[in-house]
Visitor: 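Have a look at this one before I ask anything.
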Protein chains: 2
Amino acid sequence: MAQTQTLSKNQKIILDIIEKAKEPLKAYSILFNVQKKGIKAPLQVYRALAKLIKLGKIHKVESRNAFVACQNSNCEISKATAFSICETCEKVTEISDQKLSKYLKNFHDKTGMIYKKYNLEFYGLCTTCKRS
Amino acid sequence: MAQTQTLSKNQKIILDIIEKAKEPLKAYSILFNVQKKGIKAPLQVYRALAKLIKLGKIHKVESRNAFVACQNSNCEISKATAFSICETCEKVTEISDQKLSKYLKNFHDKTGMIYKKYNLEFYGLCTTCKRS
DNA sequence: TAACAAACGTTATATTATAACACTATGATA
DNA sequence: TATCATAGTGTTATAATATAACGTTTGTTA
């Protein structure tokens with residue numbers, strides 16, 4: 001909550017749009033949507049996105065180059081993201097599964113590498129598309 | 001093996017370069033590397049990449065827009081990819097961990113969605129960069 | 001209020017990826 | 001062997017995604 005206050009004008013505008021969207025938004029579609037509010041250049045959007053990602057407010061769906069609001073009340077979960085993506089309708093849902101995140105947070109490979117973050121994307125058919 | 005035979009000329013050239021590379025290659029760096037072999041346009045590269053991905057010969061590292069040869073003797077593992085990525089030196093390694101892949105293949109969310117594929121990317125510090 | 005960090009605005013440009021169209025090879029199969 | 005489908009090719013143009021570089025403004029804090 002306190003963190004919300006520290007958002008800048010552009011960051012607020014852009015977070016707002018992403019939170020209200022029902023699907024992941026692309027950077028240039030965000031740009032188009034905020035032009036009436038005075039944000040004119042891609043860089044203004046990308047800068048806000050970068051900050052919001054850092055804060056855990058939003059995530060990037062890497063395979064789609066799109067951005068979604070965090071559904072898990074941000075914080076450290078921003079370093080541990082998992083999505084399910086329907087390849088038919090492109091619906092994207094953030095997975096919030098304690099067991100899964102615990103499993104992945106504790107995962108270590110054989111080399112001894114230190115993992116600070118992960119991003120997992122599942123692709124498949126959502127229940128709606130499965131039926132049709 | 002039999003599958004290797006079915007690769008087209010361009011597909012072979014591009015697979016060859018990716019297999020010989022020690023790191024993930026970007027599409028346009030591949031393009032640059034194959035221009036002497038007569039491949040002149042981005043689309044020729046992207047088409048070969050798409051086919052090679054379909055065959056499981058290579059994978060795309062989504063967060064880096066880069067392509068690596070599959071280390072797990074391709075096949076169905078192409079639908080189940082996991083990478084470790086060093087955020088300092090950008091070294092990328094394909095993770096081959098039976099337990100992990102079994103766990104993820106069996107993962108089901110609450111909605112009943114069918115997962116056909118997944119891609120997991122861990123980010124952190126490799127053992128070399130950890131020391132310095 | 002000086003000094004610094006973070007955010008801003010702007011122009012230009014780099015990077016990644018696909019559309020559209022015409023042509024060519026390959027290998028069934030009738 | 002004609003012909004049909006499928007996959008691949010080559011090319012031009014363009015779309016979509018993202019960052020560099022510069023100078024200015026704002027907000028915090030010593």
Visitor: Measure CG/A/Leu7 against P/C/dA6 and give the value in whole Å, please.
Guide: 15 Å
Visitor: When the distance from CG of A/Leu31 to P of C/dC8 is rounded to whole Å, what number comes out?
Guide: 14 Å
Visitor: Check the pair B/Phe83 / B/Phe122 against ring pair (Phe, Tyr, Trp, His ring centres under 6.0 Å), numbers first and verdict last.
Guide: CA-CA 6 Å; B/Phe83 300 98; B/Phe122 284 105; over 10 Å; no
Visitor: I'd like to know if the side chain of A/Glu121 reaches the main chain of B/Tyr118, judged simply by a donor and an acceptor atom lying under 3.5 Å from each other, with no hydrogens or angles considered.
Guide: no
Visitor: I'd like to compare against my own output: the B/S/- annotation of nucleotides 10-17 of chain C with a strict under-4.0 Å heavy-atom distance to protein.
Guide: BB----BB
Visitor: Hey, does the side chain of A/Gln71 reach the backbone of A/Ser96 with a donor-acceptor pair shorter than 3.5 angstrom?
Guide: no
Visitor: Between which nucleotides of DNA chain D, 5' to 3', does chain A make heavy-atom contacts below 4.0 Å?
Guide: D/dT17 to D/dA21
Visitor: Below 3.5 Å, can you tabulate the donor-acceptor pairs from side chains in residues 45-52 of chain B to any protein atom, sequence neighbours excluded?
Guide:
none

Visitor: Between C1' on C/dG9 and CD on A/Gln35, what's the gap in Å once rounded to a whole number?
Guide: 14 Å
Visitor: Taking atom NZ as the centre, does A/Lys40 end up with more than 12 heavy-atom neighbours from other residues, nucleotides or ligands that are less than 6.0 angstrom away?
Guide: no
Visitor: Between the two ends of the helix from C/dT1-D/dA30 to C/dA30-D/dT1, what is the bend in degrees, rounded to 10 degrees, where each end axis spans five pairs?
Guide: 40°
Visitor: For the side chain to side chain contact (heavy atoms under 4.5 Å, CB included) test, which of A/Lys116, A/Lys105, A/Lys117 pairs with A/Lys79?
Guide: A/Lys117
Visitor: Between residues 82-90 of chain B and DNA chain C, which residues have a heavy-atom gap below 4.0 Å?
Guide: none
Visitor: In a table with atom names and distances, give each donor-acceptor pair under 3.5 Å that connects a side chain of residues 17-38 of chain A to protein atoms at least two apart or in another chain.
Guide:
{"residue": "A/Lys20", "atom": "NZ", "partner": "A/Asp16", "partner atom": "OD1", "Å": "3.4"}
{"residue": "A/Lys20", "atom": "NZ", "partner": "A/Asp16", "partner atom": "OD2", "Å": "3.0"}
{"residue": "A/Lys26", "atom": "NZ", "partner": "A/Arg64", "partner atom": "O", "Å": "3.2"}
{"residue": "A/Asn33", "atom": "ND2", "partner": "A/Ser29", "partner atom": "O", "Å": "2.7"}

